[in-house]
Amino acid sequence: MTTEERIRRLKTDGFCVIEGVIPDDKVDGVRQSVVEAQARRHADAEAELAATRARGHRVGVMGVANLRQVINETQAFAPYLADRRILDLAEAFFGPWVRISCTDCVINNPGNGRGYLHADWPYNRTNASHVRAPYPDVMMHISTIWMLSPFSAETGGTLVVPGSHRTSSNPAGGGNSVPEDDPYPTEMNVCGPAGSVFVSDSRLWHAVAPNRSREPRVAILIRYAPWWLNLNPTMIGTPEHTAMVVETGGKNYELPPVRKSVYESLPADVKPLYRFWVK
């Protein structure tokens with residue numbers, strides 16, 4: 001597909017898939033580095049989830065492991081983050097000065113549970129900071145899922161509802177009349193070979209899918225934001241985060257900063273995507 005065709009897909013369906021972003025001869029090594037990074041930090045990630053649940057918030061899915069800001073633990077995927085196919089698409093909607101707002105890994109282990117239908121930040125009503133419905137008809141954030149394993153119905157390719165980005169709300173947290181835990185009639189699995197990147201309007205309804213295979217399904221979640229989107233509510237220590245999350249006892253999407261030593265090791269064309277997030 002050309003950039004123009006991908007733009008049409010994003011506008012109409014809310015998503016598209018770009019194949020071959022990570023070369024075939026590199027993707028196994030990237031996947032292994034991410035799995036090892038998550039294993040090293042497993043206890044920290046579990047403690048974070050447990051603390052959030054203890055405050056009465058819904059978070060996590062049985063059998064799904066994750067690690068926020070995984071780039072602090074491995075930079076094996078960093079050379080591909082500024083792929084022009086992705087940035088050209090983001091800049092077509094946002095203009096220049098696009099930045100990366102999230103770099104997490106997620107591993108769907110065999111037999112994992114199904115997640116709830118939701119849209120990504122800043123639209124998810126379960127987060128303390130979110131855009132109130134009805135949403136304006138404008139894309140504010142691009143979500144991407146980097147397939148380090150093959151995605152299919154069998155392996156638990158993410159469930160999506162085509163065209164749902166054109167609605168003015170989403171099911172998360174009782175956001176509309178659609179039950180968040182029930183399958184939606186038109187939902188489908190995202191499919192693609194390892195090395196592909198799923199790109200979506202962050203308003204798109206989606207859910208964690210069960211992995212019915214015998215191998216973990218490994219992915220990285222990366223979001224691209226325009227310069228004008230206020231990311232402070234996701235940054236611990238900012239006034240917005242303190243007021244909206246800490247003082248209300250709410251749940252939020254929170255990210256640790258990128259370590260300075262990690263930032264300095266990144267490719268030159270990737271550094272501009274992260275420089276606002278460095279400590």
Side-chain angles (χ1 to χ4, degrees), residues 1-27 30 77-103 106 117-123 135-168 170 184-207 209 217 219-229 267 269-270 272-273:
M1 283 188 286
T2 64
T3 297
E4 290 70 25
E5 289 170 330
R6 294 185 186 109
I7 291 171
R8 285 197 294 272
R9 284 286 188 89
L10 271 178
K11 288 181 176 180
T12 303
D13 299 330
F15 67 94
C16 67
V17 174
I18 304 174
E19 295 188 3
V21 176
I22 301 178
D24 290 344
D25 62 344
K26 301 293 185 182
V27 70
V30 173
F77 53 87
Y80 314 107
L81 295 177
D83 187 288
R84 285 312 316 179
R85 289 168 290 180
I86 297 172
L87 291 187
D88 286 348
L89 193 53
E91 290 173 4
F93 289 95
F94 301 149
W97 313 113
V98 170
R99 37 189 189 158
I100 288 177
S101 59
C102 145
T103 313
V106 59
L117 280 172
H118 65 284
D120 281 336
W121 194 87
Y123 307 102
Y135 311 136
D137 187 16
V138 60
M139 184 189 294
M140 297 186 190
H141 217 184
I142 285 179
S143 297
T144 67
I145 302 177
W146 294 55
M147 306 178 196
L148 303 184
S149 303
F151 270 40
S152 67
E154 177 71 12
T155 63
T158 304
L159 292 164
V160 299
V161 179
S164 56
H165 66 297
R166 297 194 299 272
T167 63
S168 60
N170 73 84
Y184 194 77
T186 60
E187 69 182 25
M188 58 176 284
N189 292 94
V190 172
C191 298
S196 303
V197 176
F198 166 77
V199 184
S200 71
D201 184 320
S202 286
R203 294 173 292 178
L204 187 76
W205 302 1
H206 60 284
R217 193 226 67 184
I220 308 173
L221 310 181
I222 300 175
R223 295 181 192 146
Y224 292 80
W227 62 267
W228 44 261
L229 180 64
D269 59 349
V270 174
L273 301 173

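Residue numbers count from 1 along this sequence.
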Expected output: side-chain [X] to main-chain [Y] donor-acceptor under 3.5 Å:
X    : Y    : value
Y123 : M140 : yes
T155 : P150 : yes
T144 : I222 : yes

Reported [atom1]-to-[atom2] distance for the pair [X] and [Y], which is rounded to 0.5 angstrom:
X    : Y    : atom1 : atom2 : result
I142 : E91  : CD1   : CD    : 10.0 Å
R9   : F15  : CZ    : CZ    : 7.5 Å
S168 : R203 : OG    : CZ    : 10.0 Å
R8   : M1   : CZ    : CE    : 10.0 Å
F94  : W227 : CZ    : CH2   : 12.5 Å
I145 : R223 : CD1   : CZ    : 9.5 Å

* Near-ring test Y184/W205, centroid separation under 6.0 angstrom ->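 Ring-ring flag for W205/Y184: true, centres closer than 6.0 Å.
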* To do: For residues F198 and F151, establish whether the separation of their ring centroids is below 6.0 Å.
  =>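 Centroid separation for F198 and F151: 6.0 Å or greater.
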At their closest point, which heavy atom of [X] faces which heavy atom of [Y], and how far apart are they?
X    : Y    : value
G163 : L204 : N-CD1, 4.3 Å
D13  : H165 : C-CE1, 3.4 Å
V17  : C191 : CG2-O, 4.2 Å
V161 : S164 : O-OG, 2.6 Å
A82  : L87  : O-CD1, 3.6 Å
L148 : A194 : O-CB, 3.8 Å

Could you tell me whether the side chain of [Y] reaches within less than 4.5 Å of the side chain of [X], counting heavy atoms only?
X    : Y    : value
C102 : D120 : no
R217 : V106 : yes
I86  : V197 : yes
L10  : F93  : yes
F77  : V21  : no

* To do: Under the side chain to side chain contact (heavy atoms under 4.5 Å, CB included) rule, what do W146 and L81 come out as? Steps first, then yes or no, please.
  => CA-CA 10 Å; W146 294 55; L81 295 177; 3.9 Å; yes
* **D25 CG: over 12 foreign heavy atoms closer than 6.0 Å** => yes
* Basic-acidic side-chain contact under 4.0 Å: E19, R85 -> no
* Asked: What residues, two or more places apart in sequence or in another chain, satisfy side-chain hydrogen bond (donor to acceptor under 3.5 Å, both in side chains) together with N189?
  ->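 In terms of side-chain hydrogen bond (donor to acceptor under 3.5 Å, both in side chains), with neighbours along the sequence ignored, N189 is linked to no residue.
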* Asked: Taking the inter-plane angle between the rings of H206 and H118 on a 0 to 90° scale, is it parallel (under 30°), tilted (30 to 60°) or perpendicular (over 60°)?
  ->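 The arrangement is tilted - the two ring planes meet at 30° to 60°.
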* To do: Go through the side-chain N and O atoms of S101 and H141 and say whether any donor and acceptor fall under 3.5 Å apart.
  =>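 Judged by distance alone, the side chains do pair up.
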